[in-house]
There are 2 protein chains.
Amino acid sequence: MTTTDAVSKDPDSTPEWLTSHIRDGRGRKRGAKINDRQQRPPVIADVARLAGVSVPTVSRVLTGAARVTPDKRERVLAAIAELNYRPSPTARLLVTRRSRIIAVIAGQTSQYGYAETIRGIEEAARADGYTVTITVVESADEESVDRAVSHLLDQRADGIAVLKFDPPGVAALNKLPANVPVVAISGVRGKSVPQAVLDETHAAESLTNYLLDLGHKTVHHVRVPPSRREDGRTTGWRRALKTSGIVDVPAPFEATWHPESGRLIGREIAQDPSVTAVFCGNDEIAMGVIKGLTESGRRVPEDVSVVGFDDHPLARLWTPAITTVDQNFVELGKRAFGLLRTAMAGESGPKFSSALPELVIRESAAPPGESVASSE
Amino acid sequence: MTTTDAVSKDPDSTPEWLTSHIRDGRGRKRGAKINDRQQRPPVIADVARLAGVSVPTVSRVLTGAARVTPDKRERVLAAIAELNYRPSPTARLLVTRRSRIIAVIAGQTSQYGYAETIRGIEEAARADGYTVTITVVESADEESVDRAVSHLLDQRADGIAVLKFDPPGVAALNKLPANVPVVAISGVRGKSVPQAVLDETHAAESLTNYLLDLGHKTVHHVRVPPSRREDGRTTGWRRALKTSGIVDVPAPFEATWHPESGRLIGREIAQDPSVTAVFCGNDEIAMGVIKGLTESGRRVPEDVSVVGFDDHPLARLWTPAITTVDQNFVELGKRAFGLLRTAMAGESGPKFSSALPELVIRESAAPPGESVASSE
DNA sequence: CTGAAAGCGCTAACAT
DNA sequence: ATGTTAGCGCTTTCAG
């Protein structure tokens, strides 16, 4: 598969071919003009000359595209080793018309879920010989999106992965041309392009039902900036309430991505004794909410139950440990790359990949109006 | 699933985009006519033809390398817009030998400091028309490093930024050829290559002194995996102790990057009543340590003071709010790009950029053996 | 099987 | 200022 295999296939493949680039770089600063002939990296013609064969023949052993006499093959390999030759990916790509680049476009990159998803994509891509580039869309306004998309398109990536977790991501997806393979990554199923999903609607429904089953009369919701009018978490929450016959669905609180906003909301919620259960859009917001609640004198979970979403690494360390839903973002990213790969290959494979996050029950939720024994 | 194999009636599903990129390239050599024009991405020759000028003229308006008559210039621009033409970075690279790509290589990408630093690099790079790629070095073992470096080199980046926060990063840096501009990013000053730094040695020293000034007899240290034998945080801590005349510097506890490891250490520390102050390698570890301590019955900061490093967004939300040091990683990334830029330009600018993180005093540290009024 | 010839899409050198 | 002519380093016909 990987085109470089031909070279590395050689049993005594030289690990030095890595260092071949080192040439005398260090000292060149001052002198500046020693014999430049030595400097130039070897090209395929050099190999051909040294091996006494034609350029295409070298190419053949490189790519394995056609068979070559063992004899010549040996000589070529020897020449490659001697010169420390490495084929130029650029020249290759020019004729192949593929860049082996996967471009990721996202509204942000360092938030937990985003960073992990990108990590998954990168791992899968690298294993497959692809390079991944990152482009950030600062906001959903047109100029910002256009600039980012333009930057993205300039890279001529073989495939594009869009993190449509938020409005900038959605906006970017809508601006993408139809002639390049695209995969969308999100929490709810879209329609037009292949998509890798963590079924948060379903997960949110389970989580809300869990709270309801604990005996709470209703469940309030603090949501993170939704990707569209309503994201999966909100939908699942709403659905659970409706299914349980709750007609008066309380208006959700609107948080930002910053945990501190959860804290403010927590303080606000603390003023309303009728609130006994809160489902937060993610764990970090849940931490903020818990902080706001406790610093206002409400106990969690004795007075108010709070649950999060994602299973952030710190969720289990929080006090109380946060009940949440486990989102495997790394695996999500890998699935996305898989989808993209079949799309790039032009194969008709599945265009949709979904996984159901699992409920992780810890200590931040309990029956209403009761005290629970803090585990252990 | 959507297996509507009906030909082409469904307006929403775009089955063609999947196959469009297959473009019948194979047999196109001779025919090359009719609607082939629609399928193939426009190339510079198409623009030239449509604008009624020569190819180099188009190239000139593209690169701005030479002046072009306003008239022709307009026509070229119009043609570019009409065809939605984008120059092939690959073809350009082949001749100019510059890719406008900055490659980032790192041991990991989603940990707070890493993600933020990468974000800073990306922001600065994008603003300057560069694209950034990410390559992860899984571990410091030779094979892993060689593979990553090889992958990196294949990208033909104009410049490389190495996050040498950890052993894989350091190992990668050492394997990089000297003929491509490199900038290292870390917490301690290195020697050979340009480097952007957050002076953690100094910051750690201040933090430790802060604890000492509070009255603690000594300060224990939980360190995250060091980039080399000893990283800046550990050095600064040790220096502060020695400067204060403390001869018996306690052996540091070794944590992993995972906060859970801090928890285990916290439990361990809880067994030793002589420990009254702990300086943790980062905030997440501090959170783990605090958790381990409190679940073992020790109060923070009444019984034990714990401080972290980085000013993670959740540090202020933790209970108690964590005293730490503010590391501006985004700005660090931006400074790194700046250094790289001058290096790529071949200019001789500063090769080193340092910033001093500031102490952020919150609630997790207090004088030993006393109770502090939890703020408000 | 193998070499000669023909590009891939673009920019750099030359001529005007 | 602009068109012509050459490549960049590699893979792909296409003969033989």
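All values below come from the heavy atoms of this structure, side chains included, with hydrogens, waters and symmetry mates left out. Letters A, B, ... mirror the listed sequences (proteins, then strands); counts begin at 1.
Side-chain proximity of B:Ser88 to the nucleotides D:dT2, C:dC10, C:dT11 is greatest for C:dC10. Taking every side-chain heavy atom of B:Lys72 into account, D:dG3 is the closest of C:dG9, D:dG3, C:dG3. When distances run from any side-chain atom of A:Leu62 to the nucleotides D:dT11, C:dG3, D:dG3, the shortest one goes to D:dT11.
With hydrogens and angles disregarded, a donor-acceptor distance shorter than 3.5 Å links the side chain of A:Asp46 to the backbone of A:Val43. Formation of a donor-acceptor pair under 3.5 Å by the A:Arg97 side chain with backbone atoms of A:Leu94 is not found in this model.
Residues satisfying the ring-ring contact (aromatic ring centres under 6.0 Å, His included) criterion with B:Tyr85, sequence neighbours excluded, are absent altogether. Under the rule for a ring-ring contact (aromatic ring centres under 6.0 Å, His included), the partners of A:Phe337 that lie at least two apart in sequence or sit in another chain are A:Tyr130. With sequence neighbours excluded, the residues satisfying side chain to side chain donor-acceptor pair (under 3.5 Å) with A:Asp146 are A:Lys175.
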Within the sub-3.5 Å range, which N or O atoms of nucleotides 6-8 of chain D have a protein N or O partner, and how far apart are they?
unit_1: D:dC8; atom_1: O3'; unit_2: B:Arg97; atom_2: NH2; d: 2.9

All N/O pairs under 3.5 Å across the protein-nucleotides 14-16 of chain C interface:
none

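The side-chain heavy atoms of A:Gln155 and B:Ile101, taken from C-beta on, include no pair separated by under 4.5 Å.
Along DNA chain C, the nucleotide closest to A:Thr96 and the one closest to B:Pro56 are compared, and the more 5′ of them pairs with A:Thr96. Between A:Ser59 and B:Thr69, it is B:Thr69 whose nearest contact on DNA chain D lies nearer the 5' terminus.
Separating the CZ atom of A:Arg49 from the P atom of D:dG9 is a distance of 12 Å, rounded to the nearest angstrom. With rounding to whole Å, B:Asp46 atom CG is found 11 Å from C:dC8 atom P. Rounded to whole Å, atom C1' of D:dT2 lies 13 Å from atom CG of B:Asp71. A straight line from CZ of A:Arg86 to C1' of D:dC10 spans 15 Å, rounded to a whole angstrom.
Side-chain nitrogen and oxygen atoms of B:Arg92 include none within less than 4.0 Å of the OP1 or OP2 phosphate oxygen of C:dC10.
Counting all heavy atoms, side chain and backbone alike, A:Val132 lies closest to A:Ala125 at CG1-CB, 3.7 Å.
In this structure, B:Asp154 does not pair ionically with A:Arg100, as no charged nitrogen and carboxylate oxygen lie closer than 4.0 Å.
Here CD of B:Gln195 is found 10.5 Å from CZ of B:Arg335. Values are rounded to the nearest 0.5 Å. Distance check, rounded to the nearest 0.5 Å: CG of B:Asp128 to CG of B:Leu340 gives 10.5 Å.
Comparing the start and finish of the helix from C:dC1-D:dG16 to C:dT16-D:dA1, five pairs each, the helix axis swings through 40°, to the nearest 10 degrees.
With A:Ile160 as the partner, the side chain to side chain contact (heavy atoms under 4.5 Å, CB included) test is satisfied by one option alone out of A:Val193, A:Leu153, A:Thr135: A:Leu153.
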